[in-house]
Amino acid sequence: MPSFKIDTSTAVVFVATPPTPKLVSKQTGEVAIDRETGAQLMTVGLLISDEGEGNLYQVTVPSTGVEATLTPGTPVSVIGLRARDWENTFNGQTRHGISFRAVAITAGV
């Protein structure tokens with residue numbers, strides 16, 4: 001499925017929620033793994049403000065691309081941010097949305 005690059009070069013980006021492991025299943029606690037690198041995946045909440053509009057995004061990042069010092073309010077740079085649309089059907093209910101993925105999130109601008 002295609003993904004699309006997101007340019008954050010003119011945006012102000014802050015950590016909204018600290019990195020947490022991305023779970024495959026909340027019931028088992030199994031952590032998602034990056035298929036390409038084998039690294040655990042993390043989810044970081046980012047507040048991205050650009051052109052007078054701010055939005056909160058949950059971004060998935062390999063653990064190797066997340067600094068341990070990221071705490072809420074930290075200004076960050078996002079490397080390789082991409083968006084991908086998704087859709088699935090479970091128990092007759094169709095859900096859809098957009099997922100966000102980055103190569104790395106680093107403190108500082």
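The analysis underlying the following values was restricted to heavy atoms, covering all of them including side chains, and did not include hydrogens, waters or symmetry mates.
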Counting only pairs under 3.5 Å, give me each side-chain donor-acceptor contact of residues 55-63, with atom names and distances, residues two or more places apart or in other chains.
| from | atom 1 | to | atom 2 | distance (Å) |
| --- | --- | --- | --- | --- |
| N55 | ND2 | E53 | OE2 | 3.0 |
| T60 | OG1 | K22 | NZ | 3.3 |
| S63 | OG | Q40 | O | 3.3 |

What distance separates [X] [atom1] from [Y] [atom2], expressed to the nearest 0.5 Å?
{"X": "T43", "Y": "F100", "atom1": "OG1", "atom2": "CZ", "answer": "13.0 Å"}
{"X": "R35", "Y": "I33", "atom1": "CZ", "atom2": "CD1", "answer": "11.5 Å"}
{"X": "T28", "Y": "K26", "atom1": "OG1", "atom2": "NZ", "answer": "12.0 Å"}

Under 4.5 Å between any side-chain heavy atoms of [X] and [Y], yes or no?
{"X": "E87", "Y": "T94", "result": "yes"}
{"X": "L41", "Y": "R101", "result": "yes"}
{"X": "T8", "Y": "D50", "result": "no"}
{"X": "V76", "Y": "L46", "result": "yes"}

**Asked** Is V78 reachable from I6 through a run of I, L, V, M, F, W or Y residues, each pair having side-chain heavy atoms under 4.5 Å apart?
**Response** yes

**Message:** Please determine whether residues I48 and V103 belong to a single hydrophobic cluster, defined as Ile, Leu, Val, Met, Phe, Trp and Tyr linked transitively by side-chain heavy-atom distances below 4.5 Å.
**Reply:** no

**Residues which pass side-chain hydrogen bond (donor to acceptor under 3.5 Å, both in side chains) with T17, listed by chain and number, not counting sequence neighbours** = none

**Request:** Please report the shortest heavy-atom distance between R82 and S3, naming the atom on each side.
**Result:** NE-OG, 2.7 Å

**Item:** Residue pair G29 / L23: nearest heavy atoms and the distance that separates them
**Value:** O-CD2, 3.6 Å

**Prompt:** Between D7 (side chain) and S9 (backbone), is there a donor-acceptor pair under 3.5 Å?
**Reply:** yes

**Prompt:** Hey, is the main chain of G108 close enough, under 3.5 Å, to the side chain of S77 for a donor-acceptor pair?
**Reply:** yes

Which atom pairs, donor and acceptor, lie under 3.5 Å between side-chain atoms of residues 64-72 and protein residues at least two apart or in another chain?
| from | atom 1 | to | atom 2 | distance (Å) |
| --- | --- | --- | --- | --- |
| E67 | OE1 | A107 | N | 3.2 |
| T71 | OG1 | T74 | OG1 | 3.2 |

